[in-house]
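All chains are named by letter (A, B, ...) in the order of the sequence lines, taking the proteins before the strands, and each is independently numbered beginning at 1.
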Amino acid sequence: MLQRRHDDLVRCPNAIDIRRAIRNREIARIHHPQINVQRLPKLSRTPRPRLRTSLTGRKRPTLPDPMHALFILAPILVQTAHRGLVPRVKHRHTKRPQKITHSISPAQFFLCGPRRYKIHRSRQVHPRPPEQTTHALHYTGSARAGEESLASQPPIHYTIQPMNPSAEQTPVTPRSVDYAQWYLDVIKRAELAEHSPVRGCMVIRPHGYAIWEKMQRELDDRFKATGHVNAYFPMFIPLSFLAREEQHAAGFAKECAVVTHYRLKSQNGEVVVDPDSKLEEPLVVRPTSETIIWAQYKNWIQSYRDLPLLINQWANVVRWEMRTRLFLRTTEFLWQEGHTAHATAEEAIEEARRMLDVYADFAENVMAVPVIKGCKTPGERFAGAVETYCIEGMMQDGKALQMGTSHYLGQNFAKSADVTFLNRQGQREYVYATSWGVSTRLIGALIMTHSDDNGLVLPPKLAPIHVVIVPIFKTDTEKSRTLEEAGRVAAELRAQGLTVKLDDRDGIMPGAKFYEWEAKGVPLRIEIGPKDLDQGSLCLVRRFLIEQPGESAADQRKRRKQFLPRAEALASVRPLLETMQRELLERARALRAARSRIINSLAEFEEFFRGDTPGFAWVHWAGSPEQEEEFGKRFETSIRCIPFPDQIPPAAQGPGTCLLTGQPSSQRVLMARAY
RNA sequence: CGGGACGUAGCGCAGCUUGGCUAGCGCGCUUGGUUCGGGACCAAGAGGUCGCGGGUUCAAAUCCCGCCGUCCCGACCA
């Protein structure tokens, strides 16, 4: 038996799967309660003679390193385990396989169950300082006591890494460990986007873009339904245009990309900017399009009969941000910007409010993200706006995210672009304006509101794929039968207007497919295997459930899965999707409620935001803008909005006194940390 | 722009302190076989200007200098 083991090991000279290598000795079953501990000493003795001969015999130089490692470590493993030092160890979830930041004993890595590790001999002779061992654990062979043959040997260090990290290749860091990293991991695993070679810019991958397309469709339909039409304006804005509206220009001055030349040339084999091609007037890459659009509106508007002018454009814009995060804040992003012109202030304000309602409706009914509508404080107002309205959502970590804004611009842009009209009374008057926009940031909101430690969770209304079908089979005949049935099921679901993906890829285990589609947020999975063919059933698995307290991950997995008679299963897909859409909103509402507090004192405020579960604070505020800024810096919070009265929870209604100054305040505002 | 870290195969990383074997490992990829109801295994392969430039040396991924780039933490902002 030992010989066989030896041969096994030699055949894979570069890495050893310890569990496999010693599986037959039952060491791997140590963590099972029924293991007979009495057998362990015997087992632990077995490798020793081998070790000695290996080290002293002439075969030693050719002995594969990992094998060497195994035979040195095996006794330690067994002994440690035998002494009961580490009876049962669960693998702690780490970000990357190599980055095991906590100390792990040989017995730990050996016993950690489904994951395997390789031992890799390091050329390194000296131990590293502890802080440098974060990516790998080095273990000294000489640590083994009482082995004379090793005493004269120089210490040998081993790098211990998880083996077969296919399971961990792109793991999702749990939210509880590092929320920011979790967010990035979800994006990566779901293949939504990635960093591009250009700093601060992202590549939106097909799956991420498909979500954006769904959002576009929903929003565009709503814009059309409220009388808007689409148009397109150029990406380049002459510098002088931007400068026309003073506040606006000042607001964006620090984050503009500027085009100054229009030609390149070859110079000494290098491509360089041709200095002779300098533009007379630099062009600003639009950070937003008010100025260039209003320059055009001047030609389009003469009379009240031309109003209202209701135009939207889908475009990209560039804002040169210092720090960026995928989807939430990137240098270039995709968005939609509506720009409307009206004859009266009332009408324009009504338009701005109407579009905010459209956004809120979209957020809640399509994205399943509850939002609070309100006004921005003057300090947070859009540069050049008279009033900025916004919708604010709460992410799972309790931080607020501005998900859309709508501005009443008054006559500011009409004045700067000199856009006037003759009203019914024949008087010349400046036009009243609005603008409003939402961006790919919404995808960030979607991720941070619903997703979990398994990856993306999508509301069915925005899922590019509603149902994924995974066929399961052993033999060729089973394969053709299941695929045939899967094709039929797919066709029937498509006939219901659903988007269905049949994952018939070869050579990938069904389990791997399950994980992949879960990470991508597909709401429903149908498994079709031989059992189903025989019984006329289908296995329906939903992406998420409302968590029940005390429920384990395994229990939840079980509860997500149901075998149903074929017809019943097919009929239940649509209702199930609708249920899930509803439950996502409910769950998000419940989280927001749990993380919202009515706060009346400074001490309470401080305690709320110092604690583990900060969120939305409903407070009375009557401070000055300077106090607002200082207060915000002190607690890293900001006034997210001055909510519309109907947005304030009943218990928080009514006047009170400012928690900082004690001045009277007519209503509460929403304070939170924000993205 | 200030502080910190990093740059080695498509991805994740070892190797560098103390220069020298043919630059390795895992994943992924290719081919063949066995598998398949929660991340399969075996075998054989393909894949690298070690960020760029210069210097020291018989010899540089490793030491020195310069540059470029990326990420993180601040100031700024949606």
Side-chain angles (χ1 to χ4, degrees), chain A residues 8 11-12 14-15 17 20 65-66 95-99 114-126 128-129 132 135-136 138 157 159 161-171 180-181 184 188 194-200 251-255 287-288 317 319-325 328-330 333 335 376 380 382-383 388 390 392 400-405 437-441 444 454 470-475 478-479 482 506-519 525 527-532 539 541 553-554 557-558 560-561 563 633 638 674-675:
Chain A
D8 279 352
R11 267 207 298 275
C12 49
N14 290 323
D17 172 346
R20 194 184 67 84
D65 280 347
K95 184 185 150 202
R96 308 250 176 270
Q98 292 81 0
K99 286 184 182 164
R115 296 196 166 79
R116 288 176 292 269
Y117 292 82
K118 71 155 188 167
I119 298 178
H120 179 64
R121 185 174 165 186
S122 162
R123 272 196 243 165
Q124 180 164 349
V125 182
H126 299 288
R128 294 179 161 199
Q132 282 184 29
H135 44 258
H138 297 264
H157 297 258
T159 304
Q161 308 184 333
M163 231 187 99
N164 182 20
S166 61
E168 338 196 8
Q169 190 198 8
T170 45
Q181 189 59 47
L184 293 172
K188 190 174 178 183
E194 56 197 29
H195 286 104
S196 77
V198 184
R199 180 196 175 90
F252 285 104
K254 278 179 274 183
E255 49 190 48
T288 178
V317 286
R319 296 182 187 173
W320 214 265
E321 300 288 351
M322 297 293 180
R323 276 181 67 191
T324 59
R325 289 189 75 189
L328 296 180
R329 177 175 289 115
T330 48
F333 56 92
W335 80 344
K376 282 294 183 191
E380 300 261 336
F382 175 73
T388 288
C390 66
E392 295 283 330
L401 182 72
Q402 177 177 305
M403 291 172 58
T405 51
V438 295
S439 71
T440 37
R441 175 178 245 205
N454 298 321
V470 179
I472 294 154
F473 45 79
K474 285 194 176 91
T475 61
E478 276 177 7
K479 179 178 175 181
T482 48
D506 254 339
I508 299 176
M509 301 286 287
K513 293 179 181 176
F514 300 166
Y515 279 99
E516 181 178 331
W517 294 113
E518 268 172 25
R525 176 175 78 235
E527 300 170 20
I528 301 179
K531 262 192 251 173
D532 302 298
C539 177
V541 189
R557 182 189 280 183
K558 214 172 276 177
R560 280 166 39 205
K561 197 162 178 166
F563 287 88
K633 279 199 171 147
S638 53
Y675 278 101

Would you kindly give the CZ-to-P distance between A:Phe473 and B:rU34, to the nearest whole Å?
-> 14 Å
When the distance from CD1 of A:Ile472 to P of B:rA40 is rounded to whole Å, what number comes out?
-> 12 Å
For A:Leu401, report the nucleic acid contact type (base, sugar-phosphate, nothing); a contact means any heavy atom under 4.0 Å.
-> nothing
Touch class at under 4.0 angstrom, heavy-atom based, for A:Thr330 against every strand present | base
Testing A:Arg441, A:Lys376, A:Glu380 for side chain to side chain donor-acceptor pair (under 3.5 Å) with A:Gln402, which one passes?
-> A:Lys376
Mark yes or no: A:Arg525 above the aromatic ring of A:Phe514, with NZ or CZ under 6.0 Å from the six-membered ring centre and no more than 45 degrees from the axis.
-> yes
Closest to side chain of A:Lys474, choosing from B:rC36, B:rG38, B:rA78 | B:rC36
Side-chain donor/acceptor contact of A:Arg525 with base of B:rG37 under 3.5 Å | no
Counting side-chain heavy atoms from CB outward, which of B:rG38, B:rA78, B:rG37 is closest to A:Gln402?
-> B:rA78
Partner of B:rG48 under the Watson-Crick or G-U wobble criteria, both distances under 3.5 Å, comes out as none
Salt bridge between A:Arg557 and A:Glu518, side-chain N to carboxylate O under 4.0 Å?
-> no
Please report, rounded to the nearest Å, how far the P atom of B:rC77 is from the CZ atom of A:Arg329.
-> 10 Å
For A:Glu527, which contact category applies under a 4.0 Å heavy-atom criterion: base, sugar-phosphate, or nothing?
-> base
Looking for any heavy atom pair under 4.0 Å, which part of the strands does A:Cys390 touch: base, sugar-phosphate only, or nothing?
-> nothing
Sugar-phosphate, base or nothing in reach of A:Glu380, heavy atoms under 4.0 Å | nothing
Within a radius of less than 6.0 Å around CH2 of A:Trp320, do more than 12 heavy atoms belonging to other residues, nucleotides or ligands occur?
-> no
Nucleotide B:rG38, atom P - distance to CZ of A:Phe514 in whole Å | 6 Å
Among the nucleotides B:rC77, B:rG39, B:rG37, which one has an atom lying closest to any side-chain atom of A:Phe563?
-> B:rG37
Which is true for A:Phe333 with a 4.0 Å heavy-atom rule: it touches a base, it touches only sugar-phosphate, or it touches nothing?
-> base
How close or far is atom C1' of B:rC36 from atom OH of A:Tyr515, stated in whole angstroms?
-> 15 Å
For the side chain of A:Arg319 and the base of B:rC77, is some donor closer than 3.5 Å to an acceptor across the two?
-> no
Starting at CG of A:Leu328 and ending at P of B:rC77, how long is that distance when rounded to a whole Å?
-> 18 Å
Nearest to side-chain heavy atoms of A:Lys188, which nucleotide of B:rC76, B:rC36, B:rC11 | B:rC11
Looking only at N and O atoms, is any donor in the side chain of A:Glu518 or the base of B:rG38 less than 3.5 Å from an acceptor on the other one?
-> yes
Across every strand shown, the nucleotide meeting Watson-Crick or G-U wobble geometry with B:rU35 (both distances under 3.5 Å) is none
Rounded off to whole Å, could you give me the CE-to-P distance for the A:Met509 and B:rU34 pair?
-> 15 Å
Report the nucleotide, chosen from B:rG38, B:rG37, B:rA78, that has the shortest atom-to-atom distance to any side-chain atom of A:Ser439.
-> B:rA78
